[in-house]
Novice: 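One structure, as structure tokens, below. Some questions next.
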Amino acid sequence: MTTLAASLGQARRSQTAWFAGIAIFVIAWFAVYNRLLPFARWLVAQMPIEPGSALASSVEFFFYDTPKVLMLLTLVVFAMGVVRTFFSPERTRALLAGKREGLGNIAAAHLGIVTPFCSCSAVPLFVGFVSAGVPLGVTFSFLIAAPMINEVALGLLFALVGWKVALTYLAFGLGVAIVSGWIIGRLHLENWLEPWVREVRAGEVELEDEHVAWVDRFEAGWEAVKEIVSKVWYWIIAGIAAGAFIHGYVPAELLSRIMGADAWWSVPAAVLLGIPMYSNAAGIIPVIEALLGKGAALGTVLAFMMSVIALSLPEMIILRKVLSIRLIAVFIAVVGTGILTVGFLFNALFS
């Protein structure tokens, strides 16, 4: 009994320490975040750069956005790392197993938002879903939503370009995931899976014990920060550098002509440009911010972002392990059509 009481007391102290540490961190985070722009301007003023020049504008953008995006990323990833402790891959498969199409597509797309598995998880997740008896179309709704409407994309969009854009992106992103998955399911293309995947038998999925202490959830959030930020920081730097160049040197008039709402061909061109690229939401959103700041059309820019995240070439290569080339082509065609529709609709609504 004495040992048990000591263990419980230690657990309570540890949990209290975590709560106190998080509170101090949040207070310090907001204090530093609110001083980033004055600091960036002061830093540029100390450099031998002509004030008001394109170079000064680019450098200020870079020194302001780099810590801003990294700080936002750390906060969002920690929070979602805690959330993910409630949604393990096993529980996700169990929640979707046996779901019918329609409602299943809606549930899968919404579940994809809070279970942000990256494209490198596509193969084991896909096989796990098939083995759990999840319909093909429902599986695709989840696999489209998980990377495209993840916590980083929504959190950074909200912080950098406003809640209206973030909320609209969420609504239309869900629409693309739900409708695309439903269409693929209606086509009944199960025979276009790779043979070894078709041979996987559907079975019962047991839910694991989800009783996890808050200390363990906080530690999982911190581990997520260390794992994810260490993998994407260089993409963020590259994206911010590209955004800084656009912000300082690309004429607004030129960008408006190329990616403006009046150029009907800009949306399909943006989608085609985005597919062969490889980046993640954290890396591409600073570019999106700079493009919007230069007057590019919202629909065109978000169509570009969606194609980079949801239809990237590396993800297609990974999915080739479980999908035939014909099924990959259908996947690209259906999702690409949905992204084009979103791009044109955004341009019409926000022109």
Novice: What's the shortest heavy-atom distance between Phe78 and Gly221, and which atoms?
Specialist: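 It is CD1-C, 3.4 Å.
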
Novice: With side-chain contact (heavy atoms from CB on, under 4.5 Å) as the criterion, how do Trp222 and Trp18 come out once you've worked through the C-alpha distance, each side chain's angles and the decisive distance to 0.1 Å?
Specialist: CA-CA 11 Å; Trp222 176 239; Trp18 266 105; 4.1 Å; yes

Novice: Distance from Leu174 atom CG to Leu170 atom CG, nearest 0.5 Å?
Specialist: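 Those atoms lie 5.0 Å apart.
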
Novice: Looking at every heavy atom in both Asn347 and Gly299, which two are closest together, and how far apart are they?
Specialist: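 Shortest heavy-atom separation between Asn347 and Gly299 comes out as OD1-N, 2.8 Å.
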
Novice: Indicate yes or no: at least one non-hydrogen side-chain atom of Ile325 is less than 4.5 angstrom from one of Ile328.
Specialist: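 They are not in contact (no side-chain heavy atoms under 4.5 Å apart), so the answer is no.
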
Novice: Report the distance from atom CD1 of Ile237 to atom CG of Leu70, rounding to the nearest 0.5 Å.
Specialist: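 Those atoms lie 5.5 Å apart.
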
Novice: Surrounding CZ of Phe30 (heavy atoms of other residues, nucleotides or ligands, distance under 6.0 Å), is the total greater than 12?
Specialist: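 Open: at most 12 neighbouring heavy atoms sit under 6.0 Å from CZ of Phe30.
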
Novice: Ring-plane angle category for Phe172 and Phe346, please: parallel below 30°, perpendicular beyond 60°, tilted otherwise.
Specialist: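 Geometry flag for Phe346 against Phe172: perpendicular rings.
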
Novice: For Ser324 and Trp192, which heavy atoms make the closest approach, and how far apart are they?
Specialist: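 Reported closest heavy-atom pair: OG-O, 2.7 Å.
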
Novice: Measure from the side-chain N and O atoms of Asn105 to the backbone N and O of Ala177, and report whether any donor-acceptor pair falls under 3.5 Å.
Specialist: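 Not at all, since once roles are kept as given, no pair shorter than 3.5 Å links the two residues.
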
Novice: How far apart are the closest heavy atoms of Ala145 and Ala109, and which atoms are they?
Specialist: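 Heavy atoms only, the tightest pair is CB-O, 3.4 Å.
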
Novice: Treat each ILVMFWY residue as a node, draw an edge where side-chain heavy atoms are under 4.5 Å apart, and state whether Trp163 and Leu298 are in one component.
Specialist: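 They do share one cluster, since a chain of ILVMFWY contacts under 4.5 Å joins Trp163 to Leu298.
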
Novice: Run the numbers on Leu55 and Glu50 for side-chain contact (heavy atoms from CB on, under 4.5 Å), then give the verdict.
Specialist: CA-CA 8 Å; Leu55 179 60; Glu50 181 183 352; over 6 Å; no

Novice: Considering residues, nucleotides and ligands other than Phe39, do more than 12 of their heavy atoms fall under 6.0 Å from its CZ?
Specialist: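 No - once you tally the heavy atoms of other residues, nucleotides and ligands closer than 6.0 Å, there are 12 at most.
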
Novice: Might you work through the side-chain contact (heavy atoms from CB on, under 4.5 Å) test for Val342 and Tyr169, ending with a clear yes or no?
Specialist: CA-CA 9 Å; Val342 169; Tyr169 179 83; over 6 Å; no

Novice: Does the side chain of Arg41 come within less than 4.5 Å of Phe63's, by heavy atoms?
Specialist: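 A side-chain contact is absent here, since even the closest heavy-atom pair is not under 4.5 Å.
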
Novice: Could you check whether any side-chain heavy atom of Glu60 comes within less than 4.5 Å of a side-chain heavy atom of Leu37, counting everything from C-beta outward?
Specialist: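 Yes, close enough: below the 4.5 Å cut-off.
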
Novice: Side-chain contact, heavy-atom cut-off 4.5 Å: Ser266 with Phe344?
Specialist: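 Contact flag for Ser266/Phe344 side chains = no.
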
Novice: Any side-chain heavy atom of Val138 sitting closer than 4.5 Å to one from Trp182?
Specialist: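 Of all side-chain heavy-atom pairs linking Trp182 with Val138, none is under 4.5 Å.
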
Novice: Going from OG1 on Thr300 to CE on Met305, what distance comes out if it is rounded to the nearest 0.5 angstrom?
Specialist: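 Output value for this atom pair is 14.5 Å.
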
Novice: Please give me the minimum heavy-atom distance between Ser141 and Ala108, naming the atom from each residue.
Specialist: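 Scanning both residues completely, I find the closest heavy atoms to be CB-CB, 4.1 Å.
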
Novice: Supply the atom-to-atom distance Ile178 CD1 to Leu103 CG, rounded to the nearest 0.5 angstrom.
Specialist: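 Ile178 atom CD1 to Leu103 atom CG measures 10.5 Å (nearest 0.5 Å).
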
Novice: Quick check on Tyr33: does its OH atom have over 12 non-hydrogen neighbours (other residues, nucleotides or ligands) under 6.0 Å away?
Specialist: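 Buried by this count: over 12 neighbours within 6.0 Å.
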
Novice: With side-chain contact (heavy atoms from CB on, under 4.5 Å) as the criterion, how do Val59 and Ile49 come out once you've worked through the C-alpha distance, each side chain's angles and the decisive distance to 0.1 Å?
Specialist: CA-CA 9 Å; Val59 173; Ile49 301 175; 4.0 Å; yes

Novice: Taking all atoms of both residues into account, what is the closest heavy-atom pair of Ile144 and Phe331, and its distance?
Specialist: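 Distance-wise, the nearest heavy atoms are CG1-CE1, 3.6 Å.
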
Novice: Do Thr337 side-chain atoms and Ala333 backbone N/O form a donor-acceptor pair below 3.5 Å?
Specialist: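 Such a contact is found between Thr337 side chain and Ala333 backbone.
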
Novice: For residues Leu323 and Phe140, determine if any side-chain heavy atom of one lies less than 4.5 Å from a side-chain heavy atom of the other.
Specialist: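 Leu323 reaches Phe140 side chain to side chain.
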
Novice: Would you indicate whether the side-chain heavy atoms of Arg326 and Leu189 approach each other to under 4.5 Å?
Specialist: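 Contact flag for Leu189/Arg326 side chains = no.
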
Novice: Once you round to the nearest 0.5 Å, how far does CG of Leu193 lie from CG of Leu136?
Specialist: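 Here the rounded value is 5.5 Å.
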
Novice: Working to the nearest 0.5 angstrom, can you tell me the gap between Leu272 CG and Trp265 CH2?
Specialist: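 The CG atom of Leu272 sits 12.0 Å away from the CH2 atom of Trp265.
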
